[in-house]
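Working notes, beginning with the structure itself.
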Amino acid sequence: MERAVVQVTLFGLLLVLASTLPNKDDWNIYSFHINSTVTSRYATTVITSRVANRMDDSKEIEFQVRIPKNAFISKFRMFIDGQWYDGVVKRKEKAQQQYTEAVSRGQSAGLVSSVGRTLEEFKTSVTVAAHKKVTFELTYEELLKRKLGKYELQIHARPMQPVKDFKVDVYINEKAGINFIEVKGGLSTKALANAITRTHADKQAWVYFYPTEDQQKTCDGCGEQGMNGDLVIVYDVNRDTSLGDIKTSAGYFVHHFAPSSLSRIPKNVVFVIDQSGSMSGRKMQQTRIALIHILNDLAEDDHFGLITFDSSIFHWKRELVQANKKNLESAKTFAQNIQARGATDINAAVLEGARMLNAHPREGSVSIVILLTDGDPTSGETNLEQIQSNVRRDIADKFPLYCLGFGHDVNFEFLEKMSLQNNGVARRIYEDSDADLQLKGFYDEVATPLLTDVTMIYNGGTNLTQTNFSQYYNGSEIVVAGQITDNDIETFTPQVVAISRDRRVTFSNTNATVEYTGTDFDSHVQRVWAYLTVKQLLEKELLFSGPEKKNVKKEALELSLKYSFVTPLTSMVVTKPLGEKTDVLHKPKEGGPTQARPSPVGHRPSARTRNGKTRLLAHPGSFSLLTPQHIPAMRLSKVVTRGHLSGGPMPDIPARRRSQGVSSGSLSGGLRPNIPASDHNIVVAVEEFLKTSQTNSDQVVSMVTSSVPLSHRFLLKTENLSLPLCFDVTGDVRLKLLHHPNRELSVNGELDTVTNGGFRRIVIHFKTDLYVEVDTNVITVREGQTLTRHTGQDLITAGSLTVIRRNKEIDVAAGDTRMVIYIHEKDGVEFLWPVLRQQPLDNNVTGIIALKPAVYEEVQQTPSTKLKIKDQEIDVTRSNAFDYSIVSPPTLDCWLMSAESVLQRRLDDFIVTQL
């Protein structure tokens with residue numbers, strides 16, 4: 001029987017595209033995660049999809065994913081029947097034979113092909129046995145490029161079916177400090193806005209996107225096939241006018257240079273617009289619209305020219321003119337009347353643009369040529385290499401040429417090479433409804449020059465990436481990486497020399513922070529260097545010929561293999577189980593073809609007899625055996641003793657809350673300590689202590705005692721304020737974490753006995769007959785009269801409640817509510833911490849984890865700090881707390897105050913008597 005082909009679709013930082021919707025009865029994506037970590041603008045993204053074959057027959061499951069074109073795949077593997085199958089990056093020629101054999105057998109060998117504006121498609125497949133599962137895991141890396149004053153991390157999600165365990169986790173760590181962070185895109189609006197959690201704490205930020213199954217079907221662009229839209233994380237870092245942000249580690253460095261507060265430099269710009277017949281219709285209409293917007297944005301001290309061409313050249317004016325109101329109105333009229341006709345003489349048009357700029361030298365200004373065309377040269381000089389040679393001769397490195405290729409028919413490699421030869425870049429403009437915005441957006445990137453002739457100098461540096469840049473524009477960034485000679489940081493001296501509007505400027509190390517990042521950062525800095533080096537070597541290969549081309553290709557290949565990057569020079573051979581076809585994955589050029597742990601913490605000691613003498617009766621608390629010399633250090637505030645202690649000298653124990661102290665019985669062998677009474681929920685009975693030694697000098701008395709009233713510190717985040725609020729909850733209490741009456745959902749938690757720890761147990765009540773208890777080891781589910789215990793990582797479904805356990809977290813979803821319970825560890829002890837990732841829409845939801853972000857105003861800073869909350873002034877102190885809502889908890893500064901002040905009500909309102 002022929003095997004059915006099942007397509008698994010993941011789309012975005014993961015995007016999956018399928019031509020037909022698979023039958024949901026055949027297969028199921030039961031878990032779908034995107035984890036992206038951005039450190040100093042370098043993003044490493046791991047996409048993990050877990051799929052189950054529900055059928056009685058084997059199925060071929062195809063994995064398709066779209067990744068950013070700027071990224072390099074660095075790892076791919078599949079987990080089947082307890083074994084990982086890893087992809088291996090090889091020299092393209094060595095992999096070609098396996099690829100050819102697969103194609104000759106009529107099999108769809110794996111490819112990475114160019115699709116859309118910014119994405120490439122990766123695909124492979126594997127046969128999954130009946131009722132078995134497969135895990136796909138793909139890793140790729142990219143350096144985020146700063147445009148218009150911000151970095152963007154884009155996630156487009158289209159899984160083709162609602163997924164129970166759907167998660168996007170983004171972590172950003174910028175040592176320079178994060179200036180702002182926003183979440184945009186179609187998946188951040190309306191119904192799905194509530195599924196996004198954003199946390200910003202100075203140098204770190206976290207974005208979580210946890211939509212429920214219901215939300216995946218009801219958002220804009222969503223339906224029974226699940227989500228289809230974008231999530232875009234936008235941010236920038238703090239900047240100054242100094243040398244910038246330099247990080248060094250293990251002999252490598254990376255330098256981000258983006259000075260602010262510089263005066264703009266007036267520009268001379270010539271627009272060279274293709275009006276050949278192929279530009280007719282929508283292309284020409286959008287070009288006119290974009291030109292008029294661009295002309296409106298020219299500053300009065302700018303000068304400009306406008307040329308259109310087909311087989312002939314048409315001037316608005318033969319020389320550059322000032323961008324005053326009269327000239328701009330005239331130019332707009334010219335732009336509105338551009339008509340598409342004739343052939344394409346690119347050579348004559350670009351040379352005329354260069355002539356106009358060369359004839360208009362203006363001190364203290366910069367010059368730019370922007371070419372827009374949609375096809376190959378068909379008139380005049382048509383030899384591509386000759387055109388490139390002519391343009392390079394006439395521009396002579398005096399100004400950059402930017403080439404915009406309109407549509408898919410354009411010879412993009414020709415434009416790219418011509419731009420690179422002349423210190424510019426090429427950009428494809430896609431034939432979509434927003435083509436005019438794409439044109440305007442590109443112009444905005446180069447609209448404000450701030451520096452020219454930028455030279456990056458690194459004394460004590462070697463193996464440097466590009467260090468000379470013709471222009472630096474406002475909102476952009478120059479990035480250089482390299483190695484430090486002999487790893488000698490003391491002799492490493494960076495410097496930048498450039499020309500500003502009216503003078504030569506030097507940015508020196510005296511204003512910069514050269515930061516050694518330590519071992520945790522070693523791999524990161526080195527990989528940024530490798531990534532940039534490979535990218536720039538591939539550009540050089542396009543420009544060079546002969547031995548030079550061979551040398552840069554060899555160097556790029558060696559680095560690609562060393563760092564396992566899938567580049568145009570390498571392929572990834574996807575290893576599969578015996579009998580499966582081998583896929584070979586290639587990276588295309590732009591414009592390519594479209595295609596069981598330890599026992600739970602906090603278990604209460606049961607009554608037991610030791611050597612027939614010592615009996616402990618213990619209710620919640622932590623207990624330890626202490627030698628006499630340890631006792632004075634303990635704050636024994638919750639102990640009741642009775643009976644007879646004997647065996648050795650006993651030190652005096654300072655009383656705590658002496659008015660409540662209770663002591664009974666007699667202590668022999670030493671001074672009698674004052675030991676205060678316990679709270680009602682802690683009772684310790686010490687009936688007798690064992691004499692452990694025959695001589696007084698060696699006697700050790702073991703004393704059993706409860707700990708002090710433990711404090712647990714809670715954080716209440718803010719939306720836009722710099723510091724969160726924090727408060728302490730003292731004692732062994734049970735808290736109401738969440739109460740959602742409309743959903744008949746209640747979540748309560750019992751604090752543990754680790755100072756500043758978390759929860760020992762969390763209990764979920766759902767509807768009338770569903771009870772779920774979570775600890776660090778086991779999930780216990782009671783549904784009606786049925787009781788089950790779960791220790792594995794499979795999906796647990798009980799009614800409309802779903803629970804998924806992983807190594808360090810438990811995911812709980814019920815309707816429009818989604819909660820993650822993290823398992824943290826402190827001093828070798830594990831505890832729980834719940835986080836509401838999906839805030840219910842209802843206003844009547846209450847509980848500690850459902851508190852709305854804090855809003856306050858600082859009204860006084862000296863001699864003490866006061867905050868104003870709802871017209872009430874509160875004394876606060878600056879303190880810190882672990883943020884347990886994060887997988888690896890950072891320590892955050894916070895304003896410490898009483899629980900009542902933060903909660904704006906009594907703490908008792910959040911305390912429950914039973915779980």
Side-chain angles (χ1 to χ4, degrees), residues 3-35 47-67 78-80 115 119 121-128 130-138 155-169 185-187 190-192 195 209-231 793-797 799-804 811 813-816 818 837-838:
R3 295 180 302 182
V5 176
V6 179
Q7 289 188 330
V8 174
T9 12
L10 311 170
F11 189 122
L13 281 185
L14 174 66
L15 167 63
V16 177
L17 198 61
S19 57
T20 59
L21 179 66
N23 184 343
K24 285 185 66 177
D25 292 335
D26 290 352
W27 59 273
N28 176 46
I29 305 174
Y30 63 92
S31 179
F32 172 76
H33 292 180
I34 305 171
N35 289 85
I47 302 160
T48 306
S49 175
R50 296 178 173 88
V51 189
N53 175 15
R54 294 177 173 175
M55 299 297 287
D56 295 330
D57 301 318
S58 296
K59 298 293 176 186
E60 184 177 1
I61 294 182
E62 188 172 86
F63 174 73
Q64 288 181 292
V65 54
R66 290 184 178 182
I67 68 172
M78 297 179 292
F79 187 71
I80 308 168
V115 289
L119 299 170
E121 186 172 85
F122 165 98
K123 64 180 180 180
T124 189
S125 64
V126 68
T127 300
V128 179
H131 304 293
K132 293 289 186 178
K133 299 174 181 178
V134 58
T135 296
F136 298 102
E137 183 181 282
L138 177 74
I155 299 170
H156 186 111
R158 189 187 176 194
M160 294 299 291
Q161 65 174 240
V163 180
K164 285 186 182 296
D165 182 25
F166 184 101
K167 299 174 65 173
V168 177
D169 293 290
L187 296 183
K190 296 186 179 179
L192 281 177
F209 179 53
Y210 289 17
T212 64
E213 280 191 283
D214 289 342
Q215 286 177 311
Q216 293 172 49
K217 293 183 283 189
T218 57
C219 64
D220 290 345
C222 301
E224 290 302 316
Q225 298 181 25
M227 290 184 301
N228 182 8
D230 291 301
L231 191 72
Q793 297 191 18
D794 287 343
L795 174 70
I796 303 167
T797 301
S800 57
L801 182 79
T802 60
V803 183
I804 303 166
D811 197 300
D816 64 348
R818 188 159 183 179
R837 287 281 177 246
Q838 173 89 32

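Just the heavy atoms: all of them, side chains too, but no hydrogens, waters or symmetry mates, feed the values below.
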Please verify the inter-ring angle class for F136 with F63; under 30° counts as parallel, over 60° as perpendicular, anything in between as tilted. parallel
With sequence neighbours excluded, residues passing salt bridge (charged side-chain N to carboxylate O under 4.0 Å, His left out) with K217: none
Which value, rounded to the nearest 0.5 Å, describes the distance between D57 atom CG and T127 atom OG1? 12.0 Å
Taking Q216 for the side chain and P211 for the main chain, is one N or O donor matched with an acceptor at less than 3.5 Å? yes
If I take atom CD1 from residue I47 and atom CD1 from residue I67, how far apart are they, to the nearest 0.5 angstrom? 7.5 Å
Measure the shortest side-chain to side-chain distance between F209 and L192 over non-hydrogen atoms and say whether it is less than 4.5 angstrom. yes
Determine the sole option in T48, D165, V163 for which the side-chain contact (heavy atoms from CB on, under 4.5 Å) test with S31 is passed. D165
Is there a side-chain contact between V128 and V51, using heavy atoms and a 4.5 Å cut-off? no
Side-chain ion pair, R818 and D214, N-O less than 4.0 Å: no
Please report the interatomic distance CD1(I155) to CE(M227), rounded to the nearest 0.5 Å. 10.0 Å
When rounded to the nearest 0.5 angstrom, what is the spacing between CG in D811 and OG1 in T802? 7.0 Å
Point-to-point distance, once rounded to the nearest 0.5 Å, from CZ of R54 to CH2 of W27: 9.0 Å
How long is the span from the NZ atom in K59 to the OG atom in S125, to the nearest 0.5 Å? 14.0 Å
